[in-house]
**Q** 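Can you keep this structure in mind? I'll have questions shortly.
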Number of protein chains: 2
Amino acid sequence: MSLDTRNPTFAGEDGPRAHPRSKREQIVKAALQVFLENGYAATSMNRVADAAGVIKATIYSHFKDKEQLFVAIIEEATIGKIAFDFNDKERIIAISPEEFMDEISNKFHTLEQDAEYHRFLRVVIGESERFPELAHLYVKTVIMRGMECASAYFEHHPELGLEDPQAAAHVIAGSFVSLVVWQKILGGCAIAPLEIGRVKNVLKTLICDRTKLTSP
Amino acid sequence: MSLDTRNPTFAGEDGPRAHPRSKREQIVKAALQVFLENGYAATSMNRVADAAGVIKATIYSHFKDKEQLFVAIIEEATIGKIAFDFNDKERIIAISPEEFMDEISNKFHTLEQDAEYHRFLRVVIGESERFPELAHLYVKTVIMRGMECASAYFEHHPELGLEDPQAAAHVIAGSFVSLVVWQKILGGCAIAPLEIGRVKNVLKTLICDRTKLTSP
DNA sequence: GTCTATAATTAGATAGAC
DNA sequence: GTCTATCTAATTATAGAC
């Protein structure tokens, strides 16, 4: 019943100079893992080649040098992160503050359990001095998307009395992101565990109780 | 007769080229800068030696290898960060929520302008997979200190109705820390600037307005 | 395009004179 | 402890066969 329509050997072209897609895919997939695990400098082209099951010269036939390989890999991975979609602004804006917080919390809960995302964040931050353009790409494609959505929510909910929607959006997002960094990347979960649900509840209290305030 | 001109133990005469008080100090100081700028793997012992103005073998007479040098350097720097003191719990607990937020905001404002702290954070995060013990040290000596202080504040202020002081403390600290990472380390300040004062105001609104709530 | 083989450089680390 | 000099291994990158 399951017919694999995928052509594993040859497929589309990615420009005037076509490569067999499978090899390039092998390299990209393996290089991502090795780079995410070791960072840029500690990753050798030999290890990438071994992990990809190709010989080193093959990598150089697809990518100019180590730097270009790294940039291409991380760019690709970053673009993939916008699958983490906050795209449906219309729907979000319509839900209640409680539901809004639940939804955001759920997004970050999946992110908190995604070990590859932890490694990705670690590398983007760790290499942000040598590769600032990658950090900027991450800011623009991932962070800004989420922030704009949350910001739009507060803009459309004046009853919450939050006069700076952008800053309010940052408080929400920043609380969750820093939790992931602290607990999962820095290893805080082994020292002082803090569950994401507890942070969600605090934010719910802080945000939702505002509907009970006597209007100014 | 061999006149030992190499014994500088008497005070006063530290010549530049002559015999500085401690070569180890030179090495530590220079190595910190080089490691913070390049990370662990991208830093070569040659560069450290050049920056310190000593020859490579001298480094190996003080430190077993590159790894031990890095650990010693970062440990030392981490301990230095607790000068960022939240030590005076007693005083903090007594102040008003508004003053409390102002004080925390000021702490992070200085941190936001400390470029060396940015590099330090970048390295601790970036190398946290290879050197988890350094990340743990940072969590225990720096993060936990600040968190405990903020947590104690909410414990002693039941009128704010925050039933999970630890999680509440994280929301405050996480909002500011993530702001520094986003704006200064990832370069967000060049894309979507967000001043620390705006975040402070949102948190002030969220926290301080709670005293106006009709008690449950 | 892919592989074998290797060039050219640099890395971490050490031996021995003083 | 410090320096001169060097060793060994690993690194990035390429030339040439097919």
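Chain identifiers are assigned alphabetically (A, B, ...) following the order of the sequence lines, protein sequences preceding nucleic acid strands; residue numbering begins at 1 within each chain.
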**Q** Using whole Å, report how far CD of B:E25 lies from P of D:dT2.
**A**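 Result: 12 Å.
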
**Q** In terms of side-chain geometry, is the basic nitrogen of A:R91 or A:E103 positioned less than 4.0 Å from the acidic oxygen of its partner?
**A**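 Yes, charged N to carboxylate O under 4.0 Å.
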
**Q** Looking at C:dG1, does its base get a donor-acceptor pair with the side chain of A:K23 below 3.5 Å?
**A**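 Checked by distance alone, the answer is no.
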
**Q** In whole angstroms, how far is the C1' atom of D:dG1 from the NZ atom of B:K56?
**A**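 Atom NZ in B:K56 sits about 18 Å away from atom C1' in D:dG1.
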
**Q** Which nucleotide sits closest to the side chain of B:K66: D:dG1, D:dT14, C:dG12?
**A**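 The closest nucleotide is C:dG12.
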
**Q** Please tell me which of the listed nucleotides, D:dC3, D:dG1, C:dG12, lies nearest to the side chain of B:V54?
**A**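 Ranking D:dC3, D:dG1, C:dG12 by closest atom to the B:V54 side chain puts D:dC3 first.
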
**Q** To the nearest angstrom, how far is B:R24 atom CZ from D:dT2 atom P?
**A**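 In whole Å, D:dT2 P and B:R24 CZ are 11 Å from each other.
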
**Q** Counting side-chain heavy atoms from C-beta on, which of D:dT4, C:dG12, D:dT11 comes nearest to B:S44?
**A**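 Nearest to the side chain of B:S44 among the choices is C:dG12.
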
**Q** Regarding B:Q166 and B:E148, do their side chains bring together a donor and an acceptor under 3.5 Å, going by distance alone?
**A**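 Judged by distance alone, the side chains do not pair up.
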
**Q** Name the closest nucleotide to the A:H62 side chain, picking from C:dT2, D:dT4, D:dG1.
**A**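 Side chain of A:H62 sits closest to C:dT2.
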
**Q** Choose from C:dT2, D:dT12, D:dT14 the nucleotide whose nearest atom is closest to any side-chain atom of A:A57.
**A**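 Looking only at side-chain atoms, A:A57 lies closest to D:dT14.
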
**Q** Rounded off to whole Å, could you give me the CD-to-P distance for the B:Q68 and C:dA13 pair?
**A**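 Distance check: B:Q68 CD to C:dA13 P gives 11 Å.
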
**Q** Atom CD1 of B:I55 and atom C1' of C:dA17: how far apart are they, to the nearest Å?
**A**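 Taking atom C1' of C:dA17 as the reference, CD1 of B:I55 is at 15 Å.
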
**Q** So, A:Q68 side chain and A:K64 main chain: donor-acceptor pair closer than 3.5 Å or not?
**A**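 Yes.
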
**Q** Could you give the CG-to-P distance, from A:D50 to D:dT12, as a whole number of Å?
**A**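 So the two atoms are 12 Å apart, to the nearest Å.
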
**Q** Side chains of A:L69 and A:I59: closer than 4.5 Å at any heavy-atom pair?
**A**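 Contact flag for A:L69/A:I59 side chains = yes.
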
**Q** Could you tabulate the donor-acceptor pairs under 3.5 Å formed by side-chain atoms of residues 120-130 of chain A, not counting sequence neighbours?
**A**
{"unit_1": "A:R122", "atom_1": "NH1", "unit_2": "B:S128", "atom_2": "OG", "d": "2.5"}
{"unit_1": "A:R122", "atom_1": "NH2", "unit_2": "B:E129", "atom_2": "OE1", "d": "3.3"}
{"unit_1": "A:E127", "atom_1": "OE2", "unit_2": "A:Y40", "atom_2": "N", "d": "2.9"}
{"unit_1": "A:S128", "atom_1": "OG", "unit_2": "A:I125", "atom_2": "O", "d": "2.6"}
{"unit_1": "A:S128", "atom_1": "OG", "unit_2": "B:R122", "atom_2": "NH1", "d": "2.5"}
{"unit_1": "A:S128", "atom_1": "OG", "unit_2": "B:I185", "atom_2": "O", "d": "3.4"}
{"unit_1": "A:E129", "atom_1": "OE1", "unit_2": "B:R122", "atom_2": "NH2", "d": "3.4"}

**Q** I need the CE-P distance between A:M45 and C:dA7, as an integer number of Å.
**A**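 Nearest whole value for this atom pair: 20 Å.
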
**Q** Can a side chain N or O of B:Y60 be found less than 4.0 Å away from OP1 or OP2 on C:dT14?
**A**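 The answer is no; no side-chain N or O of B:Y60 sits under 4.0 Å from OP1 or OP2.
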
**Q** Within the 4.0 Å heavy-atom criterion, would you say A:N46 contacts the bases, only the backbone, or no part of the nucleic acid?
**A**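 Contact class for A:N46: base.
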
**Q** Let me know the distance between CZ of A:F63 and C1' of C:dT2, rounded to the nearest Å.
**A**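 The distance from CZ of A:F63 to C1' of C:dT2 comes to 15 Å, rounded to the nearest Å.
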
**Q** Are OP1 or OP2 of D:dC3 and a side-chain N or O of B:T58 less than 4.0 angstrom apart?
**A**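 Answer yes for this pair, as a side-chain N or O of B:T58 is under 4.0 Å from OP1 or OP2.
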
